[in-house]
Amino acid sequence: MSEREQRLERLNGMLRRRGFILPAFEIHGGAKGFYDFGPVGGRLRSRVNQAWLDHWLRMGNIVELSCPTVTPYAVLEASGHVGEFSDFMTVCGSCEEASRADVLLEAHHTNPDALKMDELQNLLDASKPECPACAATEWSPVEAQNLMFNTTIGAGSSGRQGFLRPETAQGMFTSFNVLFRHFRERLPFGAVQLGKGYRNEIAPRQGMIRLREFNMAELEYFIDPEKKPEPNLGDLGDLMLTLVGEGQEPSSMRLQDALDTGLIRHATVAEFIGRTHRFLEHVGIHTDKIRFRQHEQDEMAHYAVDCWDAELHGSYGWVECVGIAHRGCYDLEAHEKATGKTLRARREFDEPRTTVIDAWTINGATAGPAFKAMAGQVKKAVEDLPKDTVFPCTVIIDEGATVEVLAEHVKPNQKTIKETGEWYLPHVIEPAFGIDRIIWHVLDHAYKEDIKNDDKYVRMELSDKIVPVDMAVFPLFEKDGMGERAWAIHQRLCATPGLVSMYDASGSIGRRYARADEIGVPRCVTVDHQTLEDETVTVRSRDTGEQIRVPIDELC
RNA sequence: GCGAGCGUAGUGUAGUGGUUAUCACCGAGCGUUGCCAACGCUUGAACCCGGGUUCGAGUCCCGGCGCUCGCACCA
């Protein structure tokens, strides 16, 4: 086993032992792809979440949403997830063998793979294929079976099919009109959401890297595709980043240069790459272990137009932890199509545009009875004819048919249309963060093994911004009133909003410092005899071991 | 999903069908100790689950679950 693998085993053991992250439901045999954040990790996770929220909310045009994790079938069908992630299954009523519905129906349809679920159901009911296992012809209702977790919304036969969401994004897209009103109809703006996402992975691996239930944090940032974003990135532009362009070797360059040379194709994408880098650095990711990699064309998800991943380097090599995707108008358009609702923003023209129409249209009173069902298409065709058309004439309508249009069917069409603006589908830039993967790398990067007295001495060099425990309070001994004094200080610290303290009185003082170092407590407060006399304590720093004496009142 | 290996206290482990399952760290209590994993005593805690073979199973067999790796899948 390599030294890297041994370190990984020691790290994993410590994370379990000290309550950072642990396999879930272990006393029942465990469940693949599910982890608990323990008594230490739970606080770490919420601190990282809060840091992430603060990071985006400071932009000033971002709001936070919280949408359900249970999502109706139709939403994810519209988004493309059902089609992209699903097979349709049905179970034999006799032998309970599961079969793919489209495969059963191959003899009854030229391309059953393309059918929607209800079409498959209808065809299955109509054609009654034989079960390949037992030749029975009774089938259970068709169900979508894929990487999304299935569930039923409501009871019994009145239940609707739904899924646990595979991403938080869709709830933000379906909320677009609410967001648009909230922001006084002015783009750009964004919505963020922190929450659980679910994917029924075939093979969860590598601990926290591939989970079935995971913490996601996504920003959907809506922009006007015709309005060029500010090409000057300001101080973000000076960030030196490791970038891996499509088909290229990694190279280090200024973010502004990457945008100016066209390596990064869109200024807002570049801006978010910079902001993402800052966030990762803020929570304690080592900047020399961050790189941004552009997706290959054939690698991009079904919705993406351009995509960069933030990859972090750790015990599992380079792992993608953030995806920054230019999704175009894919999602809003998809939900528009599926629902018939409008999900658009308004763009006012600098000058009102007037269109003068001086041509022909149909005369409804005569053309209606003459063309009946085709009248609508005839109208469209006639309105496309030039002004100098002479009737009667032959026009070609949509379906390729030709019709004879007489003079009595038409009348001159003269009008002036004034438009002050237009409705358009905004484009979306989406930074999507895998919080668990980021936390894993925060822990991996913070884990330090020093040698002390020939032993490995473990210290988590976590950022103060996200440490699970801010201070630990120790009585030198639990006697002469030192224990009571220390407990009172501990309670006072815990009563300070945003501060977490830990009390520890067991074992020698050195052992307690070691325990605190192992979970990354930045400062340890020790109550000794002098405390009882002058109300001061020693404060010892995690990374230097230095101690200073401070009055209790100045602790917080 | 397929194949291979593995599964013993909180952690790391020993255990070649036969006592009360080994050792270390660890946790808790007491004592000692005036600030960096100290020491002594006491104590806590495990054979993944289920079935089979056997007089007897941690050990052998079968199934499940979990872990690791490879392939496949996914992004």
Side-chain angles (χ1 to χ4, degrees), chain A residues 1-2 5-6 8-20 22-35 38-39 81 84-87 145-148 166-167 197 199-207 209-212 214 216 293 295-296 298-304 307 309 311 316 319-323 325 432 434 437 450-459 472 474-480 482 504-518 521 524-532 537-549:
Chain A
M1 196 189 293
S2 73
E5 288 164 325
Q6 288 178 29
L8 176 58
E9 288 208 350
R10 292 191 299 269
L11 170 56
N12 269 323
M14 187 279 285
L15 294 176
R16 266 174 92 134
R17 187 161 32 81
R18 297 308 310 275
F20 278 96
L22 313 83
F25 313 122
E26 229 191 346
I27 64 166
H28 283 280
K32 222 174 180 178
F34 297 95
Y35 274 80
H81 286 90
E84 289 292 323
F85 287 63
S86 283
D87 292 328
Q145 180 81 39
N146 70 0
L147 283 182
M148 293 191 288
E167 57 176 18
R199 296 181 61 179
N200 201 357
E201 292 286 351
I202 295 166
R205 289 279 167 83
Q206 299 175 313
I209 302 300
R210 188 175 296 191
L211 299 170
R212 289 193 164 122
F214 46 96
M216 321 182 70
R293 195 176 63 82
H295 274 208
E296 310 287 328
D298 60 358
E299 183 187 23
M300 287 191 283
H302 61 276
Y303 46 74
C307 191
D309 283 341
E311 298 183 326
Y316 298 108
V319 174
E320 59 184 85
C321 294
V322 185
R437 289 181 173 189
D450 308 323
I451 300 295
K452 199 164 175 177
N453 304 329
D454 292 337
D455 267 339
K456 284 224 160 59
Y457 188 92
V458 171
R459 195 162 43 85
F474 310 145
L476 197 52
F477 303 104
E478 260 183 332
K479 64 178 187 188
D480 302 335
M482 286 185 279
D504 191 354
S506 105
S508 72
I509 193 73
R511 176 176 295 273
R512 284 177 266 165
Y513 285 143
R515 278 197 284 241
D517 285 343
E518 202 174 33
V521 182
C524 293
V525 172
T526 300
V527 170
D528 55 17
H529 284 100
Q530 192 182 330
T531 308
L532 305 176
V537 289
T538 62
V539 176
R540 175 260 195 194
S541 142
R542 175 191 70 199
D543 296 335
T544 63
E546 282 170 13
Q547 287 186 33
I548 51 168
R549 203 145 191 112

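Letters A, B, ... mirror the listed sequences (proteins, then strands); counts begin at 1. Computed from a prediction, not measured in an experiment: that's the story for all the values here.
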Taking the side chain as every heavy atom from C-beta outward, state whether [X] and [Y] have any atom pair closer than 4.5 Å.
X        : Y        : answer
A:Arg459 : A:Glu518 : no
A:Val319 : A:Arg437 : yes
A:Phe474 : A:Ile509 : yes

Atom OH in A:Tyr35, atom CZ in A:Arg16: separation rounded to 0.5 Å?
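Going from OH on A:Tyr35 over to CZ on A:Arg16, the span is 8.0 Å.
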State which residues pass salt bridge (charged side-chain N to carboxylate O under 4.0 Å, His left out) with A:Arg542; sequence neighbours excluded, sorted by chain then number.
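Result, salt bridge (charged side-chain N to carboxylate O under 4.0 Å, His left out) vs A:Arg542: none returned.
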Looking at every strand, decide which applies to [X] at a 4.0 Å heavy-atom threshold: base, sugar-phosphate, or nothing.
X        : result
A:Gly30  : sugar-phosphate
A:Gly434 : nothing
A:Val458 : base
A:Phe474 : nothing

Just by protein heavy atoms under 4.0 Å, how would nucleotides 39-49 of chain B read 5' to 3' in B, S and -?
-----------
Got a sec, which pairs hit salt bridge (Lys or Arg N to Asp or Glu O under 4.0 Å) with one end in residues 504-514 of chain A, sequence neighbours left out?
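Listed once each, the pairs are A:Asp504-A:Arg515.
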For a quick test of reading the model: is some side-chain N or O of A:Ser508 closer than 4.0 Å to OP1 or OP2 of B:A37?
no
Identify, with sequence neighbours excluded, every residue that meets side chain to side chain donor-acceptor pair (under 3.5 Å) alongside A:Thr538.
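None.
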Between the protein and nucleotides 28-31 of chain B, which nitrogen or oxygen pairs are less than 3.5 angstrom apart?
from  : atom 1 : to       : atom 2 : distance (Å)
B:A28 : OP1    : A:Ser506 : OG     : 2.9
B:A28 : OP2    : A:Ser506 : OG     : 2.8

Nearest-nucleotide 5' precedence on RNA chain B, A:Arg512 against A:His529
A:His529
Would you tabulate the pairs of protein nitrogen or oxygen atoms and nucleotide nitrogen or oxygen atoms of nucleotides 8-11 of chain B closer than 3.5 angstrom?
from  : atom 1 : to      : atom 2 : distance (Å)
B:U11 : OP1    : A:Arg16 : NE     : 3.3
B:U11 : OP1    : A:Arg16 : NH2    : 3.0

